[in-house]
Amino acid sequence: MSSENLQITLPNGDVLQMEPGSTAGDVAVAIGPGLAKAAIAAVIDGATVSLGEPIRTDAAIRVITAKDPEALPVLRHSAAHVLATAVREIQPGAAIGFGPAIDNGFYYDFDVEVPFTPEDLEVFETKMSEIVAEDQMFKRRRVNKEEARQLFSDDPLKLERLEEFRDDEVITVYENGPFLDLCKGPHVPSTGHLRHVKLLSAAGAYWRGDENRQMLQRIYGTAFQKKEEMEEYLLRLEEAKKRDHRLLAKELDLYSIKEEVGQGLVLWHPKGAIVRHTIEEYLKATLLAHDYELVYTPQIANEELYEISGHLEVFEDNMFPAMDDDGSRFRLKPMNCPHHFMIYSTQTRSYRDLPLRFAELGTCYRYERSGTLHGMLRVRCFTQDDAHIFVRPDQIGEEYDRLLDLTDELLKVFGYEYHIALSTRPDKAIGDPTVYDGATDTLRRVLEARGMDYVVDEGGGAFYGPKIDVNVVDAIGREWQGGTFQLDFLMPERFGLEYIGSDNQPHKAVVIHRTLLGSMERFVGGLIEHYRGAFPTWLAPEQVRLLPVSKQWVESTQSLADELLMAGIRVKVASRDTLGYRIRESETMKIPFMGVVGEREASDDTVAVRKRGAGKKQDVMGRSDFISMILRDIETKSISSPAI
RNA sequence: GCUCUGGUAGCUCAGUGGUAGAGCGCGUCCUUGGUAAGGACGAGGUCGCGGGUUCAAUCCCCGCCCAGAGCUCCA
């Protein structure tokens, strides 16, 4: 064997001569003992592989250590194997499904007779630490299909996957201790690397995500390189639990969902309603200032409308059943667009009229599957901050620019960061691909011109047009679905939405479906979690609570309350129970300002002001100063004070 | 919709094959308070709904309703 050495290019540009048959791990050793020790995996020509992977051709190689972002998924995937090893040790009959790394950890699916309990998870976790302590090597092996069939003869799920391989495809298996898995890898060198692993939950999951197939039992877990990272992640989970809008909303009396009314149907209590009302008023004022026109449309429509739109064909599963009226069939509207199109088509429109922007806080009804309902975030009746913008093709770019301006203006007010995603043409797209792609390029240019960071979801667009999505990032870094600006070439065809051009000929308008906040339900639900229930003053249901030190000072306190009310401030006087009790209650209810009035304050016309979250710290101030301070907070929609 | 878990006072939960408890909240009274829970007494329950087993069911069994976790992340 006298084949030539392999030319290995390292990230710093150095070229290493390696003997044929060398592995990625050998490269790490050749670079230095420190790296060899820290190495977890390697990237060969862009593909992440295990250190045991032989190098076949000249290649660019980068060795991955715990510090590299690629290391975490490798670690977690290996953790999934260790989990499967443990489960198999304890329940040898458990058939194994898939066990990938996922966003925040990993899972492994098992086909077992009896679902796992939390106690099972503890047992598995203990077993896993033993496997980690044994430091079993992850050994990679290439096999052909026939060998693989024999290796996995007891694992029907693996066999099913196996049969999907082409005969010429490379099939690899990974072995650690007693456990063997059909797996493309890569893996860490040995189980000893998995020092911080935790199992989190177990639940059913369909084999291959298909609800027509058998249900497997999925165990979720997570793994980290460092203990502190694990602790931080678990803390974040705790924090998210504390912010759950369903719990906070109960404590703060914002909304409820009653069985007697129906699943997924939100009852807005006075305190929740005032939050929503305040947002809606602000939103409508902002839209009018941005040259939108408000419209109102009914919540039902003749079914024929949805035949024209095509919803009946593609969306019927998500629509409530029809109501019959002497041969006409009516549907609760699942979206507002067809109604808005009908308004557009009441007149012959000129190219000079466009863009036309019809906005409505439109209440829609969708039949969501019961298992997907979730507090205010997924409901069956919701009010959408909806608008349909009718433009000429040459106006698309400018209109998207305006939409991005408006988004920025709104989301800043609520203290949200956001990410932008551009979705491009899918295979199933209708119409002329050059029109679709041309429009997509226009959107891309708008984003580029604004210097915005964005991700591209290739093929993620709807079949009728590309879109830009705005995902908001909340106070603890979670992403929520926010705005979406969807271009539509299809509905103008279906509804004959035209305008007369300067050439005196009719042309098809282009529709932009857009929502900025999404639905009021989801937006307010998200805000509750974002603010942890501590709404900024302009949104707080009760902005000020006034506390007379004793009944003696109720009258003086009430006169201050009257002044606040006159100024348009939401205020309550609380005079029962002890002062300490009332202060505690005000804090619990997350009221932004407390004002205490006793002998001193009553005599010199002041108030002792205590801000939410500020503890004992208080400012004694004149009553008019107090009012103007609160008004300033409301007018500026301040999100920084008082403490959230 | 499917799998699992749960449903007991307005809320959070304990409990038992012999028709039920706590804390908070609520009501009344006492206390008239100076910065995160003053005290006493009291009202409040078809133990989710329907059926079955049993002398007896809130508890055991079956069905249903509702809630929670999960059901995309592909060897």
Side-chain angles (χ1 to χ4, degrees), chain A residues 73 77 80-81 84 96-109 112 114-118 143 148 151-152 155 157-165 169-174 180-185 200-220 241 244 246-247 250-251 253 256-264 317 367-375 547-554 575-589 594-601 608-610 612-618 620:
Chain A
H77 184 196
H81 277 230
I96 47 176
F98 293 164
I102 56 174
D103 281 350
N104 288 309
F106 63 89
Y107 67 77
Y108 213 112
D109 288 341
V112 285
V114 184
F116 300 123
T117 64
V143 295
L151 288 171
F152 295 100
D155 280 302
L157 304 177
K158 291 290 175 189
L159 285 178
E160 177 182 328
R161 174 68 187 101
L162 189 59
E163 291 313 316
E164 292 165 10
F165 285 102
E169 241 171 307
V170 175
I171 299 173
T172 59
V173 297
Y174 273 84
L180 181 76
D181 200 354
L182 180 69
C183 175
K184 72 179 168 196
L200 297 173
S201 61
Y206 296 103
W207 170 229
R208 315 204 85 170
D210 182 346
E211 59 190 84
N212 297 313
R213 310 211 45 181
Q214 79 255 48
M215 181 158 282
L216 307 179
Q217 293 303 316
R218 176 171 297 179
I219 296 177
Y220 284 96
K241 236 184 234 171
D244 190 318
R246 294 165 301 181
L247 304 179
K250 204 174 268 182
E251 282 171 28
D253 193 20
S256 60
I257 294 173
K258 302 299 287 182
E259 200 175 328
E260 293 86 338
V261 178
Q263 290 184 291
D317 285 351
Y367 184 79
E368 301 283 356
R369 300 199 305 176
S370 64
T372 63
L373 299 174
H374 183 84
L547 313 172
V549 169
S550 73
K551 289 239 162 50
Q552 212 177 333
W553 316 109
V554 167
S575 54
R576 293 179 31 174
D577 302 301
T578 59
L579 184 60
Y581 182 91
R582 287 175 278 150
I583 286 170
R584 180 175 190 276
E585 188 173 58
S586 305
E587 287 287 357
T588 307
M589 294 306 286
M594 273 175 259
V596 177
V597 176
E599 186 174 10
R600 295 194 294 270
E601 293 79 9
V609 178
R610 178 169 163 150
R612 174 176 61 199
K616 282 192 200 300
K617 187 172 175 300
Q618 61 170 344
V620 178

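Reminder, nothing fancy here: chain letters follow the sequence lines and each chain counts from 1.
Distance R246(A) CZ to C11(B) C1': 17 Å, rounded to the nearest Å. As rounded to whole Å, 12 Å separates atom P of C71(B) from atom NE2 of H374(A). Here the P atom of nucleotide C74(B) and the CG atom of L162(A) are 19 Å apart, to the nearest Å. The interatomic distance linking K250(A) (NZ) with C11(B) (C1') rounds to 7 Å, in whole Å. Going from atom CG of L373(A) over to atom P of A67(B) covers 7 Å, rounded to whole Å. Atom CG in L200(A) sits roughly 17 Å away from atom C1' in C71(B) (whole-Å rounding). Look at CZ on R213(A): it is 13 Å from C1' on C74(B), rounded to the nearest Å. Rounded to whole angstrom, the span from the CG atom of L216(A) across to the P atom of C73(B) amounts to 11 Å.
Nucleotides A22(B) and G42(B), compared at atom P, are 11 Å apart to the nearest Å. U58(B) and A14(B) have their C1' atoms separated by 14 Å, given to the nearest Å. Nucleotides C60(B) and G6(B) have their P atoms positioned 10 Å apart, rounded to a whole Å. Taking atom C1' in both C30(B) and G21(B), one finds a spacing of 27 Å when rounded to whole Å. When the C1' atom is compared between G15(B) and G52(B), the two are found 25 Å apart, to the nearest whole Å. Taking the C1' atoms as reference points, C62(B) lies 43 Å from G27(B), given to the whole Å. For the C1' atoms, the distance from A37(B) to G1(B) is 47 Å, rounded to whole Å.
An OP1 or OP2 oxygen of C66(B) is reached within less than 4.0 angstrom by no side-chain nitrogen or oxygen of K258(A). Between Y220(A) and the phosphate of C73(B), there is no side-chain N or O to OP1/OP2 separation shorter than 4.0 Å. Between Q217(A) and U3(B), a side-chain N or O to OP1/OP2 separation shorter than 4.0 Å is absent.
Within 4.0 Å of V170(A), counting heavy atoms only, lies at least one base atom of the nucleic acid. F116(A) comes within 4.0 angstrom of no nucleic acid atom, judged by non-hydrogen atoms across all strands. Nucleic acid contact class of K184(A) (heavy atoms, under 4.0 Å, all strands): base. Looking at heavy-atom distances under 4.0 Å, S370(A) makes contact with a base. If you check every strand for non-hydrogen atoms under 4.0 Å, G209(A) touches sugar and phosphate atoms only. Base contact: T172(A) has a heavy atom under 4.0 Å from a base atom. Among the heavy atoms of the strands lying under 4.0 Å from P115(A) are primed sugar atoms or P, OP1, OP2 only; no base atom is included.
Closest non-hydrogen pair, L151(A) versus V143(A), comes out as CD1-CG1, 4.1 Å. Contact record, S586(A) with L547(A): OG-CD2, 4.2 Å, taken as the closest heavy-atom pair.
Listed by chain and residue number, L248(A) satisfy the side chain to side chain contact (heavy atoms under 4.5 Å, CB included) test with E251(A) (two or more places apart in sequence, or in another chain). Judged as a ring pair (Phe, Tyr, Trp, His ring centres under 6.0 Å), and not counting sequence neighbours, F165(A) has no contacts. Partners of Y220(A) by ring pair (Phe, Tyr, Trp, His ring centres under 6.0 Å), not counting sequence neighbours, listed by chain and number: Y107(A). Residues passing the salt bridge (charged side-chain N to carboxylate O under 4.0 Å, His left out) test with R576(A), sequence neighbours excluded: none.
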> Does the side chain to side chain contact (heavy atoms under 4.5 Å, CB included) test come out yes or no for H77(A) and C183(A), once each step is laid out?
Replying inline: CA-CA 10 Å; H77(A) 184 196; C183(A) 175; 3.2 Å; yes

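Comparing H81(A) and A205(A) against RNA chain B, the residue whose closest nucleotide sits nearer the 5' end is A205(A).
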> Given Watson-Crick or G-U pairs with both distances under 3.5 Å, what dot-bracket string fits RNA chain B, with | for other-strand pairs and [ ] for crossing?
Replying inline: (((((((..((((....[..)))).(((((.......))))).....(((((..]....))))))))))))....

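Ion pair E585(A)/R582(A) not flagged as a salt bridge, since none of the NZ, NE, NH1 or NH2 atoms sits closer than 4.0 Å to an Asp/Glu carboxylate oxygen. Checked for salt-bridge contact, D181(A) and K158(A) meet the test: a charged N lies under 4.0 Å from a carboxylate O.
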> Taking protein heavy atoms under 4.0 Å as touching, what does nucleotides 28-44 of chain B look like 5' to 3' if B marks base contact, S marks sugar-phosphate-only contact and - marks none?
Replying inline: ----BBBBBBB------

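Side-chain N or O atoms of R610(A) include one that pairs as donor or acceptor with a backbone N or O of G615(A) at under 3.5 Å.
Taking only distance into account, the side chain of Y107(A) never meets the base of G70(B) through a donor-acceptor pair shorter than 3.5 Å.
Side-chain proximity of Y206(A) to A69(B), C66(B), C71(B): nearest is C71(B). Comparing U3(B), G1(B), A67(B) by their closest approach to the side chain of M215(A) singles out U3(B).
By the 6.0 Å contact criterion, CG on D210(A) is enclosed, its count of non-hydrogen atoms from other residues, nucleotides or ligands being greater than 12.
A donor-acceptor contact under 3.5 angstrom links the side chains of E160(A) and W207(A), judged on distance only.
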